[in-house]
Asker: 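Have a look at the structure that comes next, please.
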Amino acid sequence: TLMHLFLQKLNLKEEYNFEKLEALREELIARKVILEEEKNAINLNKIMNFIKSDFARKLRECKSIEKEKAFCVKIKASEIFENATNEEILVQGIIDIYGIKENGEIILADYKTDYVEEEIELVKKYQKQLEIYKDALEKGLNKKVEEVYIYSLYLNKEIKLVLN
């Protein structure tokens, strides 16, 4: 949760070094967004790896970047639950980050902090979640989501998903 919060507070259009990240962390403490005793749970090395990644560069190149966007969408229960009916259910969530390119295409991503050995574990666990996010964005913005990623802070890498 703290890593997500810190990533939410980053301005991806800004250039960061380790000292600037430390200053941001101290600012969050001063503003009482996080507690002093929580600061060590924010691994600045992992944050720096993210900032330096090709994936973060790709987001920086977007015309606009949106973070922590709530959504609500109706889907068939059978899309989520086995043996469910085709009755519609309301699904709500919060999209970590997406960028809109100059051409209007969208790059969607979700940060994950899970301790995993292989990226396939994250794909299996979260693919359905990202499909729902993609659907919600396309319906809500009437734009095409071209790329969908999981960014694993533990593995220090982006994982591109191939969705329907």
Side-chain angles (χ1 to χ4, degrees), residues 1-18 20-22 24-25 28 34 37-62 65-71 73 75-84 89 91-101 105-141 143-164:
T1 303
L2 290 167
M3 292 289 282
H4 270 259
L5 176 64
F6 197 84
L7 288 166
Q8 179 186 342
K9 300 299 181 185
L10 285 177
N11 175 356
L12 283 180
K13 299 284 187 180
E14 189 174 320
E15 290 287 323
Y16 286 96
N17 57 28
F18 201 81
K20 276 185 144 180
L21 290 178
E22 285 179 321
L24 176 58
R25 187 170 62 180
L28 294 176
I34 65 170
E37 53 268 22
E38 293 175 323
K39 81 176 189 179
N40 291 331
I42 299 170
N43 185 328
L44 296 182
N45 290 316
K46 299 259 183 215
I47 300 290
M48 187 56 82
N49 287 337
F50 167 70
I51 290 168
K52 290 180 178 178
S53 71
D54 286 338
F55 178 67
R57 179 196 47 76
K58 188 180 282 200
L59 284 170
R60 276 192 293 278
E61 291 172 355
C62 288
I65 298 171
E66 299 291 334
K67 297 186 226 172
E68 298 296 314
K69 292 296 179 183
F71 72 90
V73 66
I75 62 173
K76 291 182 179 169
S78 58
E79 290 182 35
I80 299 178
F81 305 107
E82 288 182 31
N83 304 320
I89 59 173
V91 176
Q92 54 187 355
I94 297 177
I95 296 171
D96 286 342
I97 191 167
Y98 65 91
I100 302 175
K101 298 180 185 181
E105 294 173 351
I106 297 173
I107 300 171
L108 165 64
D110 200 54
Y111 305 124
K112 297 299 178 193
T113 56
D114 304 44
Y115 296 100
V116 293
E117 291 185 23
E118 297 182 28
E119 60 186 61
I120 191 67
E121 296 174 64
L122 293 172
V123 174
K124 286 180 182 175
K125 188 173 180 180
Y126 295 111
Q127 182 162 338
K128 189 62 184 173
Q129 175 189 353
L130 273 293
E131 286 174 3
I132 293 168
Y133 287 9
K134 177 181 181 279
D135 184 51
L137 265 181
E138 288 180 341
K139 286 178 180 172
L141 298 178
K143 294 180 188 291
K144 182 121 176 76
V145 174
E146 288 297 323
E147 299 174 65
V148 180
Y149 296 90
I150 292 171
Y151 186 86
S152 170
L153 288 151
Y154 182 73
L155 297 174
N156 293 314
K157 68 187 291 188
E158 74 268 7
I159 303 160
K160 188 170 184 175
L161 300 180
V162 179
L163 305 178
N164 300 333

Asker: If you define the side chain from C-beta out and look only at heavy atoms, does anything of E146 sit under 4.5 Å from I106?
Answerer: no
Asker: Are any of the side-chain nitrogens in K125 or E121 under 4.0 Å away from the carboxylate oxygens of its partner?
Answerer: no
Asker: Return the CD1 to CD1 distance between I159 and I120, rounded to the nearest 0.5 Å.
Answerer: 9.0 Å
Asker: If you compare all heavy atoms of K20 against all heavy atoms of Y16, which two are closest, and at what distance to 0.1 Å?
Answerer: CB-CD2, 3.9 Å
Asker: Rounded to the nearest 0.5 Å, what separates atom CG in L59 from atom CD1 in I100?
Answerer: 11.5 Å
Asker: I'd like to know if E147 pairs up with K58 as an ion pair, taking the criterion as any Lys NZ or Arg NE/NH1/NH2 lying under 4.0 Å from an Asp or Glu carboxylate oxygen.
Answerer: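 So E147 pairs with K58 through a salt bridge.
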Asker: Give me the ring orientation class for F55 and Y151: parallel if the planes are under 30° apart, tilted from 30 to 60°, perpendicular past 60°.
Answerer: parallel
Asker: Output side-chain donor-acceptor pairs under 3.5 Å for residues 2-11, partner residues at least two apart or in another chain, one line each.
Answerer:
from, atom 1, to, atom 2, distance (Å)
H4, NE2, Y111, O, 3.1
N11, OD1, K13, N, 3.0

Asker: Show the numbers, then the answer: is there a side chain to side chain contact (heavy atoms under 4.5 Å, CB included) between I150 and E158?
Answerer: CA-CA 6 Å; I150 292 171; E158 74 268 7; over 6 Å; no
Asker: What is the minimum heavy-atom distance between F18 and L44, and which atoms define it?
Answerer: CE1-CB, 3.5 Å
Asker: Heavy-atom count around K157 NZ within 6.0 Å, excluding the residue itself: above 12?
Answerer: no
Asker: Before giving the answer on side chain to side chain contact (heavy atoms under 4.5 Å, CB included), spell out for K112 and L153 the whole-Å C-alpha distance, their side-chain angles and the decisive distance to 0.1 Å.
Answerer: CA-CA 6 Å; K112 297 299 178 193; L153 288 151; over 6 Å; no
Asker: Take a 6.0 Å sphere around CD of Q92 and say whether it holds more than 12 heavy atoms from other residues, nucleotides or ligands.
Answerer: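 Count not over threshold, so no.
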Asker: Can you check whether D114 reaches S152 side chain to side chain, under 4.5 Å on heavy atoms?
Answerer: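 In short, these two side chains do not touch, never coming nearer than 4.5 Å.
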Asker: Test side chain to side chain contact (heavy atoms under 4.5 Å, CB included) on M48 and L21 and set out the steps.
Answerer: CA-CA 8 Å; M48 187 56 82; L21 290 178; 3.7 Å; yes
Asker: Rounded to the nearest 0.5 Å, what separation is found between the SG atom of C62 and the CD atom of E105?
Answerer: 10.0 Å
Asker: Check the surroundings of atom NZ in K128: do more than 12 heavy atoms from other residues, nucleotides or ligands lie under 6.0 Å from it?
Answerer: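 Yes, NZ of K128 has more than 12 neighbouring heavy atoms, counting only those of other groups under 6.0 Å.
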Asker: What are the two closest heavy atoms between S53 and A56, and how far apart are they?
Answerer: OG-N, 3.0 Å
Asker: Is the side chain of K67 donor-acceptor paired with the backbone N or O of Y98 at a distance under 3.5 Å, no angle test?
Answerer: no
Asker: Between atom CG of N156 and atom CG of N43, what is the distance when rounded to the nearest 0.5 Å?
Answerer: 8.5 Å
Asker: In Å and rounded to the nearest 0.5 Å, what is the CG to CG distance from N49 to L155?
Answerer: 11.5 Å
Asker: If you measure from CG on L163 to CD1 on I132, what distance do you get to the nearest 0.5 Å?
Answerer: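 The CG atom of L163 sits 11.0 Å away from the CD1 atom of I132.
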Asker: Using 4.0 Å as the upper bound for N to carboxylate O, is an ion pair formed by E138 and K143?
Answerer: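 No.
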Asker: For the CD atom on E37, are there more than 12 heavy atoms of other groups (residues, nucleotides or ligands in this structure) within a distance under 6.0 Å?
Answerer: yes
Asker: Are side-chain heavy atoms of I75 and V73 found at a separation under 4.5 Å?
Answerer: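 Contact flag for I75/V73 side chains = yes.
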Asker: Does the side chain of E131 pick up a donor-acceptor pair with the side chain of Y133 at under 3.5 Å?
Answerer: no
Asker: Assess the residue pair Y149 and D110 against the criterion (side chain to side chain donor-acceptor pair (under 3.5 Å)); give the C-alpha distance rounded to whole Å, side-chain angles, the decisive distance to 0.1 Å, and a yes or no.
Answerer: CA-CA 7 Å; Y149 296 90; D110 200 54; over 6 Å; no
Asker: Looking at R25 and K39, would you say the former's side chain and the latter's main chain have a donor-acceptor pair under 3.5 Å?
Answerer: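 Yes, the answer is positive, given that a donor and an acceptor are paired below the 3.5 Å cut-off.
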Asker: So do the side chains of I95 and F71 get within less than 4.5 Å of each other, counting heavy atoms only?
Answerer: yes
Asker: Is the closest side-chain donor-acceptor distance between Q129 and K134 under 3.5 Å?
Answerer: no
